[in-house]
Colleague: 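Please read through the structure below; I'll follow up with questions.
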Amino acid sequence: MDCKHLFISIIITITSICSYPRSYAQENLIPLPIKMELGKGKLKLHKGIIVQNNNPSLQSEYQLATNILADWKIEEKAWIKNQYLPILKLKLLSDHPTTTHDESYHLKIDDKGIFITAHSRAGLFYGLQTLRQFSIQKKMLSFCDINDAPAFSWRSFLVDVGRNYQPLELLKEQIDIMARYKLNVLHFHFTEDIAWRLASKKYPGLTDPSNMTRGTGAHYSEQDFKELIAYCKARHILLLPEIDMPGHSEAFKRYFGVGMQSDSGLYYIKELLKEFSQTYQDLPYLHIGGDEVKISNQNFMPEITRYVEGLGYKTIGWDPGSNLMSQTIRQLWMGGPQAIQEGGEFVYIDSKHLYINHMDPLETVTTLFHRKLGEQDKSNKNLIGATLCAWPDRAVAKPEDMFYQNAVYPSILTFAERIWRGGGQSGWICNIVDENTNAYQEFKNFENRLLHHKHQYFSNKPFPYVKQTGLKWDLIGPFQNGGNLTQSFDIEQQPCTKGLAVAKKMEGGTIILRHWWADVITGAIKNPQQNTTWYARTKIWSNKNQHKLFWIGFNNLSRSYASNTPKLNTWDNLDSKVWVNHQVIAPPLWNHAGAKGHLEIPLTDEGYTYRKPMKILLKKGWNEVLIKLPVRDFKGEDWQNPIKWMFTFIPIN
């Protein structure tokens with residue numbers, strides 16, 4: 001097939017990939033409401049608005065409303081007889097019909113003003129969060145009528161501060177973003193092998209620098225933790241503390257000199273749990289961990305569960321894990337995407353394949369958008385929701401690095417959309433789906449909204465995501481390489497040679513040929529074979545001769561493995577290559593080329609989102625891109641270095 005006919009269906013320009021409209025209409029809400037009707041009229045606010053604050057119990061909600069008006073530069077006016085002005089009114093409904101979710105809300109904007117009604121303060125809060133995303137142009141708001149409610153009641157985000165400490169202000173920033181996008185649980189994992197990061201009055205040595213192996217001395221005081229709880233509560237977010245037991249507890253063992261499962265260890269952990277419950281009030285749940293540990297004392301978890309319940313908590317634990325009791329809510333973290341059917345014995349929270357530390361940043365948005373949580377469209381009696389998890393096991397040089405290495409904020413927004421609206425696709429998806437499906441159109445619509453939010457709210461924050469839709473690839477292969485990764489084929493000299501069969505057409509900035517979890521995640525290639533080489537081919541248009549910046553990467557490293565750094569003069573350990581207009585694009589000069597991976601050595605430039613983008617000279621007109629993707633076997637050097645057969649190539653400016 002001749003190259004000039006390859007891309008008739010789409011014209012890719014640098015500007016079209018990386019730009020987006022400056023207008024910010026109501027259609028760009030995240031999460032998109034379940035039911036929304038946009039009217040043709042406009043609410044005129046030139047003369048101001050009257051905030052009808054006549055309910056003393058809603059002072060914090062009215063304060064939020066006032067803040068939104070101030071951001072819009074709309075003047076708040078006092079009521080004057082015989083002077084007509086629109087009003088803003090919040091109404092808390094007294095009835096609680098069983099068909100209405102406690103977090104539901106109704107938002108209406110018409111010529112009389114802005115009206116939000118709900119059955120709870122949380123519902124009013126979420127209605128205001130929707131309102132604050134509206135664009136106001138020339139001091140006018142479009143009429144609308146929104147009825148909205150979440151598909152899942154448990155909408156959680158996990159931060160692991162046990163391994164990598166995060167300062168309080170950074171945690172607050174994430175909580176603010178969670179609240180804006182209607183997440184309602186902060187899962188706070190603060191005990192680990194590396195460190196126990198919450199102060200104890202009874203055992204102050206637990207947080208002594210000598211008892212930590214990373215981030216030594218960094219921990220949260222009693223006042224810090226109380227401040228965090230209150231900060232969450234003010235934003236209708238439940239703080240879920242996790243004290244991991246009996247595994248992930250080497251810090252406990254270093255200080256007390258005994259393991260948790262021993263008689264002495266059981267005594268000490270009970271003392272810590274009692275102190276915790278007496279110090280911090282109004283926390284209904286406690287996560288008791290239970291994962292990745294050999295149970296030597298079969299009575300440990302049942303006894304701890306009964307003790308924790310006696311302190312007034314409902315328990316949550318990891319599954320698979322230890323011998324949890326039937327009443328403990330199970331948080332799923334491993335295994336295939338089996339459906340959680342209603343009518344079973346246990347109650348579940350889904351976290352399977354929701355670990356963003358294992359995902360390529362662009363893959364993250366694709367995967368999370370398409371996820372059908374628990375393989376259910378919405379909550380049932382056995383599935384209350386899901387938790388998005390950020391587990392950066394590897395040390396970081398500074399806390400902000402976690403947000404560049406992992407797509408934290410794009411992930412939160414994407415997860416918030418999916419868990420609020422429900423639905424999704426069965427199975428686990430890592431690539432952009434076929435453009436002839438409704439799921440593709442939904443993804444494309446969401447991506448546009450996501451990029452609006454990136455521009456509107458995250459211009460000064462790490463937000464490693466760019467537009468992927470519209471960048472189309474031909475996958476050509478397989479070529480048998482006999483285990484020789486350096487073997488070249490004719491396509492390298494003539495990428496547009498006639499007769500080269502295109503095996504698959506794909507779209508996106510990241511294309512995964514074969515996932516390292518190929519048993520449960522389907523890649524782009526059906527039945528991929530070892531000892532083969534594939535090629536990816538596209539064209540990019542440039543309006544002039546110019547240098548442009550690109551993200552380029554291969555075998556994106558998990559931030560939870562002690563993965564090796566590529567050797568000097570290589571992109572990866574598979575001899576992958578990139579050509580633009582027949583010119584080889586040299587790989588970066590790695591800071592730690594060929595270094596053996598170590599969890600205590602921070603990543604610096606191994607991933608495309610946390611190193612300088614590649615500057616490439618483009619010519620005016622079409623620019624040919626060819627990517628070589630060889631593989632020998634799928635085993636990898638060891639479990640820390642799995643083969644994730646993939647590439648990322650996308651312009652970012």
Side-chain angles (χ1 to χ4, degrees), residues 153-154 156 158 160 162 185-193 196-198 200 202-203 206 225 229 238-253 255-256 258-335 340 343-352 374 381-387 389:
S153 59
W154 188 276
S156 177
L158 179 150
D160 170 16
V185 180
L186 175 66
H187 183 154
F188 197 62
H189 180 92
F190 63 88
T191 69
E192 254 304 328
D193 292 333
W196 186 289
R197 297 208 189 270
L198 181 62
S200 166
K202 188 164 187 176
Y203 302 109
L206 260 178
F225 203 71
I229 294 169
L238 167 73
L239 190 142
L240 170 66
E242 180 182 357
I243 298 177
D244 210 342
M245 301 175 280
H248 295 270
S249 57
E250 287 299 309
F252 174 97
K253 186 177 181 179
Y255 176 71
F256 289 108
V258 295
M260 280 189 186
Q261 297 186 71
S262 67
D263 291 343
S264 297
L266 193 56
Y267 169 81
Y268 290 131
I269 192 61
K270 284 182 177 180
E271 289 293 290
L272 284 165
L273 291 167
K274 181 170 67 174
E275 179 189 6
F276 183 86
S277 69
Q278 292 171 346
T279 306
Y280 308 108
Q281 308 298 318
D282 299 324
L283 293 174
Y285 295 90
L286 182 67
H287 201 299
I288 57 177
D291 64 317
E292 297 182 317
V293 63
K294 181 179 179 181
I295 297 295
S296 57
N297 178 356
Q298 292 295 322
N299 189 49
F300 179 85
M301 278 313 252
E303 186 168 344
I304 281 294
T305 302
R306 289 189 291 267
Y307 186 79
V308 168
E309 289 174 344
L311 295 173
Y313 298 107
K314 177 74 175 176
T315 57
I316 302 173
W318 293 105
D319 186 355
S322 60
N323 51 331
L324 297 175
M325 298 184 75
S326 61
Q327 69 269 29
T328 297
I329 297 172
R330 273 121 165 102
Q331 185 170 353
L332 301 172
W333 69 279
M334 191 172 71
I340 299 171
E345 180 183 3
F346 306 126
V347 175
Y348 293 99
I349 297 166
D350 191 10
S351 286
K352 292 194 294 185
K381 291 181 180 179
N382 294 92
L383 175 67
I384 59 175
T387 300
C389 301

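All values below come from the heavy atoms of this structure, side chains included, with hydrogens, waters and symmetry mates left out. Positions are given from 1, in the same order as the sequence printed here.
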Colleague: Taking the six-membered ring for Trp, are F252 and F256 parallel (under 30°), tilted (30 to 60°) or perpendicular (over 60°)?
Modeller: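 Rings of F252 and F256: tilted, 30 to 60°.
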Colleague: Can you tell me if D193 uses its side chain to pair, donor with acceptor, with the backbone of S249 under 3.5 Å?
Modeller: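 It does hold such a pair.
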Colleague: Between the main-chain N or O of D244 and the side-chain N or O of T191, is there a donor-acceptor pair closer than 3.5 Å?
Modeller: yes
Colleague: Heavy atoms only: give me the nearest D160-G162 pair and the separation to one decimal.
Modeller: OD1-N, 3.1 Å
Colleague: Hey, could you give me the CG/CD1 distance between D282 and I229, rounded to the nearest 0.5 Å?
Modeller: 8.5 Å
Colleague: Once rounded to the nearest 0.5 Å, what's the spacing between atom CE of M245 and atom CG of L266?
Modeller: 10.0 Å
Colleague: Does any N or O in the side chain of N382 come within less than 3.5 Å of the main-chain N or O of G344, such that one atom is a donor and the other an acceptor?
Modeller: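 Judged by distance alone, yes, a pair lies under 3.5 Å.
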Colleague: Inspect the contact between E303 and K270 and indicate whether a charged nitrogen and a carboxylate oxygen are less than 4.0 angstrom apart.
Modeller: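 Yes, this pair counts.
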Colleague: If you apply the rule side chain to side chain contact (heavy atoms under 4.5 Å, CB included), what do you find for T328 with S326, and how did you get there?
Modeller: CA-CA 6 Å; T328 297; S326 61; over 6 Å; no
Colleague: How are the rings of F190 and W196 set relative to one another: parallel (under 30°), tilted (30 to 60°) or perpendicular (over 60°)?
Modeller: perpendicular
Colleague: Is there any salt bridge (charged side-chain N to carboxylate O under 4.0 Å, His left out) pair reaching into residues 307-328, and which pairs are they, with sequence neighbours excluded?
Modeller: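 Every salt bridge (charged side-chain N to carboxylate O under 4.0 Å, His left out) pair that includes a residue of residues 307-328, provided the two are not neighbours, is D319-R330.
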Colleague: Measure the NZ-CD distance between K352 and Q331 for me, rounded to the nearest 0.5 Å.
Modeller: 12.5 Å
Colleague: What's the verdict on side chain to side chain contact (heavy atoms under 4.5 Å, CB included) for V347 and L383, showing C-alpha distance, side-chain angles and the deciding distance?
Modeller: CA-CA 6 Å; V347 175; L383 175 67; over 6 Å; no
Colleague: Looking at side-chain heavy atoms only, is the closest gap between E275 and S200 below 4.5 Å?
Modeller: yes
Colleague: With a 6.0 Å cut-off on the ring centroids, do Y313 and Y285 count as close?
Modeller: no
Colleague: Only one of L198, I243, L206 passes side-chain contact (heavy atoms from CB on, under 4.5 Å) with L272; say which it is.
Modeller: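 The option that passes is L206.
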Colleague: How many angstroms lie between atom CD1 of I329 and atom CD1 of I349, to the nearest 0.5 angstrom?
Modeller: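 The CD1 atom of I329 sits 5.5 Å away from the CD1 atom of I349.
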Colleague: Could you state the interatomic distance from OG (S351) to CG (L332), rounded to the nearest 0.5 Å?
Modeller: 7.5 Å
Colleague: Of all heavy-atom pairs between S277 and L311, which one has the smallest distance, and what is that distance?
Modeller: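 Between these two residues, the closest heavy atoms are OG-CD2, 3.6 Å.
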Colleague: If you apply the rule side-chain hydrogen bond (donor to acceptor under 3.5 Å, both in side chains), what do you find for E242 with W318, and how did you get there?
Modeller: CA-CA 11 Å; E242 180 182 357; W318 293 105; 2.8 Å; yes
Colleague: Report yes or no: does T305 contribute a side-chain atom to a donor-acceptor pair with the main-chain N or O of M301 at less than 3.5 Å?
Modeller: yes
Colleague: Rounded to the nearest 0.5 Å, what separates atom NZ in K294 from atom CD in Q261?
Modeller: 10.0 Å
Colleague: Answer yes if the ring centres of F225 and F276 are under 6.0 angstrom apart, and no otherwise.
Modeller: yes
Colleague: Using modelled atom types only, decide if a donor and an acceptor are shared between the side chain of S156 and the backbone of T387 within a distance under 3.5 Å.
Modeller: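 Not confirmed, S156 side chain does not pair with T387 backbone.
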Colleague: Take atom NZ in K381; do more than 12 heavy atoms of anything else shown fall under 6.0 Å from it?
Modeller: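 No, the 6.0 Å shell around NZ holds no more than 12 heavy atoms from other groups.
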